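Computed from a predicted structure; not experimentally measured.
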Amino acid sequence: MDIKKDLEELKNRALEQLKDVDDDQGLEKWRVFYLGKKSPLNQVLRGLASLPIEERRLVGAMSNDLKLLFESNVEQKRLSLYSSAVTTLQEKGRLDVTLPGRPVAQGRLHPTTRIVRQICDIFSAMGFQVVEGPEVETDYYNFEALNIPKDHPARDMWDTFWIDRKDENGERTTLLRTHTSPMQIRVMEKTTPPIRVVVPGKVYRYEATDATHESMFYQVEGLAVDKGVTFGDLKGCLYEFARRLFGPERKARFRCDYFPFVEPGVEMAIDCFVCAGKGCRLCSNTGWIEILGAGMVHPDVLRHVNYDPDVYTGFAFGMGVERIPILRYGIEDIRLFYGNDLRFLRQF
Ligand code: PHE
């Protein structure tokens, strides 16, 4: 029985060689040699057919056993190579599997994003749709259609970043929007009443920056237009908004203010949430904090978008977003918002 002896020898040789294997490549070579297509074992199996029947059975069974033995040895060797690699790393002091994992730094929302979302959520719950618009605007939407013609002194209320140069007529048409109000026009142009929208977004002012002025900040605009919308609707809606954002005990105050695109125009204040109206540093001892501008949409603005002011009325409002966290958290410098200093941003 030569073949039996051959198989026995093959087994001893193979296992002896496997002992010397000390890395993954070596193991793979061994596996290909002893278990691959051209392995001695396969050659034996291929020769089986020419053997007498009893011998064929015996040799067949032996070769299969050997194949299984080789396979299980490969797996064992693989495991032992892996665990000795880990031990080596441990001994070198590089890996201590008992250490707690390193925490992954958690991201968070920018304070402006959080307030914008809160504001939009409150108005969404009241049936307002959230829409956005372009930051590069035209003179028409930013001023003209909002009842602020060229050379109108009210243009001084918004120091403007112009994008194009004056043309031969001395006129410029493209600018960075100075407020979100141009979206009032864009929305009215595209839809028919009833309209209820809020528009969050960036606005730009050509100003020297200091602790209370940034050249870019966020506003949220609001617009509601329908038959029979009244100043009472404006007050009720904005009062409810203030109570939802600043707490149910807040009081609101409306005083006359001027914006060319509303009539009458108002400024809305809430009683100071630090001193509840008694007077403190936050409210400059007035007891009141101004939070937004608003008013009834000017009839001329409605005419600009071909709405009949005898049929439709509406109210609009606009508020600065950063002002809210500035008041709430006592932030002393608005430039911190977009200075990208993580020590500031991580506090929220
Ligand atoms: N757009 C005005 C501003 O930026 C705010 C405002 C909006 C006032 C809507 C009234 C109505 O100052």
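- Between the side chains of Gln184 and Tyr141, no donor-acceptor pair of N or O atoms lies under 3.5 Å.
- Taken from CH2 in Trp288 to SG in Cys272, the straight-line distance is 10.5 Å, to the nearest 0.5 Å.
- Taking 4.0 Å as the cut-off between side-chain N and carboxylate O, Arg243 and Glu240 count as a salt-bridged pair.
- Between Lys5 and Glu8 there is no salt bridge, since no side-chain nitrogen of the basic residue lies less than 4.0 Å from a carboxylate oxygen of the acidic one.
- When atom types are taken as modelled, the side chain of Arg172 and the backbone of Ile163 share no donor-acceptor pair closer than 3.5 angstrom.
- For Asn142 (side chain) and Pro182 (main-chain N/O), no donor-acceptor pair under 3.5 Å exists by modelled atom type.
- A heavy-atom distance below 4.5 Å is found between the side chains of Leu51 and Ile3.
- A pairwise comparison of heavy atoms in Val130 and Pro200 identifies CG1-CD, 3.8 Å as the closest pair.
- If you take CG on Leu69 and CG on Leu15, they are separated by 5.5 Å, rounding to the nearest 0.5 Å.
- The residue from Arg177, His179, Glu135 that alone fulfils the side chain to side chain donor-acceptor pair (under 3.5 Å) condition with Tyr204 is Glu135.
- One hydrophobic cluster, built from ILVMFWY side chains closer than 4.5 Å, holds both Val220 and Met216.
- Taking every heavy atom of both residues into account, Cys283 and Gly287 meet most closely at SG-N, 3.2 Å.
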- Query: How far apart are the C-alpha atoms of Asp6 and Val44, what are their side-chain angles, what is the distance that settles it, and do they pass the side chain to side chain contact (heavy atoms under 4.5 Å, CB included) test?
  - Reply: CA-CA 9 Å; Asp6 286 353; Val44 171; over 6 Å; no
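- Contact between Leu238 and Met268 at its shortest, heavy atoms only, is O-CE, 3.3 Å.
- By the criterion of side-chain heavy atoms lying less than 4.5 angstrom apart, applied directly or through intervening Ile, Leu, Val, Met, Phe, Trp or Tyr residues, Phe33 is grouped together with Leu41 in one hydrophobic cluster.
- Taking the side chain as every heavy atom from C-beta outward, Val116 and Tyr218 approach each other to under 4.5 Å.
- Side chain of Asp233 to main chain of Thr230: a donor-acceptor pair is present (N/O by atom type, distance under 3.5 Å, no hydrogens or angles).
- The two residues Gly133 and Val199 make their nearest non-hydrogen contact at N-CG1, 4.4 Å.
- Rounding to the nearest 0.5 angstrom, the gap separating the CG atom in Leu146 from the NE2 atom in His304 is 8.5 Å.
- Side chains of Ser63 and Asp65: no donor on one and acceptor on the other come within 3.5 Å.
- The residues Asp23 and Lys77 are annotated as not salt-bridged, no charged nitrogen and carboxylate oxygen being separated by less than 4.0 angstrom.
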- Message: The test is side chain to side chain donor-acceptor pair (under 3.5 Å); show your working for Thr178 and Asp159 and say whether it passes.
- Response: CA-CA 7 Å; Thr178 60; Asp159 301 294; over 6 Å; no
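- For the pair Arg196 and Asp226, the salt-bridge criterion is not met [side-chain N within less than 4.0 Å of a carboxylate O].
- Atom CG of residue Leu336 and atom CD of residue Gln347 lie 9.0 Å apart, to the nearest 0.5 angstrom.
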- Item | Evaluation steps, salt bridge (charged side-chain N to carboxylate O under 4.0 Å, His left out), between Asp139 and Lys150 | CA-CA 9 Å; Asp139 183 277; Lys150 299 218 159 57; 3.5 Å; yes
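- Distance check: Arg186 CZ to Tyr140 OH gives 10.5 Å after rounding to the nearest 0.5 Å.
- When all heavy atoms of Val131 and Val187 are compared, the pair lying nearest together is CG2-CG2, 4.1 Å.
- Between the side chain of Thr88 and the backbone N or O of Ser84, at least one donor-acceptor pair lies under 3.5 Å.
- Neither side chain, Glu207 nor Ser215, offers a donor N or O lying under 3.5 Å from an acceptor on the other.
- Using a 4.0 Å cut-off between charged side-chain N and carboxylate O, Arg253 and Glu267 make a salt bridge.
- Residues Leu66 and Leu10 come closest through the heavy atom pair CD2-CD2, 4.1 Å.
- Below 30°, between 30° and 60°, or above 60°: for Tyr312 and Tyr307 the angle between ring planes is between 30° and 60°, a tilted geometry.
- When the side chains of ILVMFWY residues are joined at heavy-atom separations under 4.5 Å, either directly or via intervening members, Leu234 and Val198 end up in a single hydrophobic cluster.
- Between Arg155 and Glu144 there is a salt bridge, since at least one side-chain N of the basic residue sits less than 4.0 Å from a carboxylate O of the acidic one.
- Sorted by first and then second residue, the ring-ring contact (aromatic ring centres under 6.0 Å, His included) pairs with a member in residues 39-63 form an empty list; sequence neighbours excluded.
- Of the charged side-chain nitrogens involved, at least one lies within less than 4.0 Å of a carboxylate oxygen, so that Arg250 and Asp271 count as a salt-bridged pair.
- Residues satisfying the ring-ring contact (aromatic ring centres under 6.0 Å, His included) test with Tyr329, not counting sequence neighbours, are Phe348.
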- Just do the side chain to side chain contact (heavy atoms under 4.5 Å, CB included) check on Thr212 and Ile334 with the steps written out, would you? CA-CA 6 Å; Thr212 55; Ile334 191 174; 5.5 Å; no
- Before giving the answer on salt bridge (charged side-chain N to carboxylate O under 4.0 Å, His left out), spell out for Lys202 and Glu214 the whole-Å C-alpha distance, their side-chain angles and the decisive distance to 0.1 Å. CA-CA 11 Å; Lys202 294 191 189 91; Glu214 250 297 20; over 6 Å; no
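- The closest donor-acceptor contact from the side chain of Trp30 to the backbone of Ala14 lies under 3.5 Å.
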- Task: Take Phe123 and Phe241 through the test ring pair (Phe, Tyr, Trp, His ring centres under 6.0 Å) and record every step on the way to the result.
- Result: CA-CA 7 Å; Phe123 283 107; Phe241 159 73; 4.7 Å; yes
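- Rounded to the nearest 0.5 Å, atoms CD1 (Ile291) and CD1 (Ile324) are 6.5 Å apart.
- Both Ile270 and Val321 sit in one connected hydrophobic cluster of ILVMFWY residues. Membership requires side-chain heavy atoms under 4.5 Å apart, directly or through other members.
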- Query: Can you check salt bridge (charged side-chain N to carboxylate O under 4.0 Å, His left out) on Arg13 and Glu16, steps first, answer last?
  - Reply: CA-CA 5 Å; Arg13 202 174 351 121; Glu16 201 56 41; over 6 Å; no
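- At distances below 3.5 Å, at least one donor-acceptor pair connects side-chain atoms of Asn42 with backbone N or O atoms of Lys37.
- Qualifying ring-ring contact (aromatic ring centres under 6.0 Å, His included) partners for Phe161, counting only residues two or more places apart in sequence or in other chains: Tyr206.
- Between the side chain of Glu221 and the main chain of Ser181, a donor-acceptor pair closer than 3.5 Å is present.
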- Begin from the C-alpha positions of Arg281 and Glu332 and carry the test salt bridge (charged side-chain N to carboxylate O under 4.0 Å, His left out) through to its verdict. CA-CA 12 Å; Arg281 209 167 75 106; Glu332 310 241 296; 3.5 Å; yes
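- Here the side chains of Ile119 and Met319 are in contact, with some heavy-atom distance below 4.5 Å.
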- Task: Show the numbers, then the answer: is there a side chain to side chain contact (heavy atoms under 4.5 Å, CB included) between Arg117 and Leu109?
- Result: CA-CA 10 Å; Arg117 290 194 185 175; Leu109 295 177; 3.5 Å; yes
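- Proximity of Val225 to Thr313: side-chain heavy atoms (C-beta onward) are nowhere separated by under 4.5 Å.
- Taking the six-membered ring for Trp and the full ring otherwise, the centers of Phe337 and Phe217 sit at least 6.0 Å from each other.
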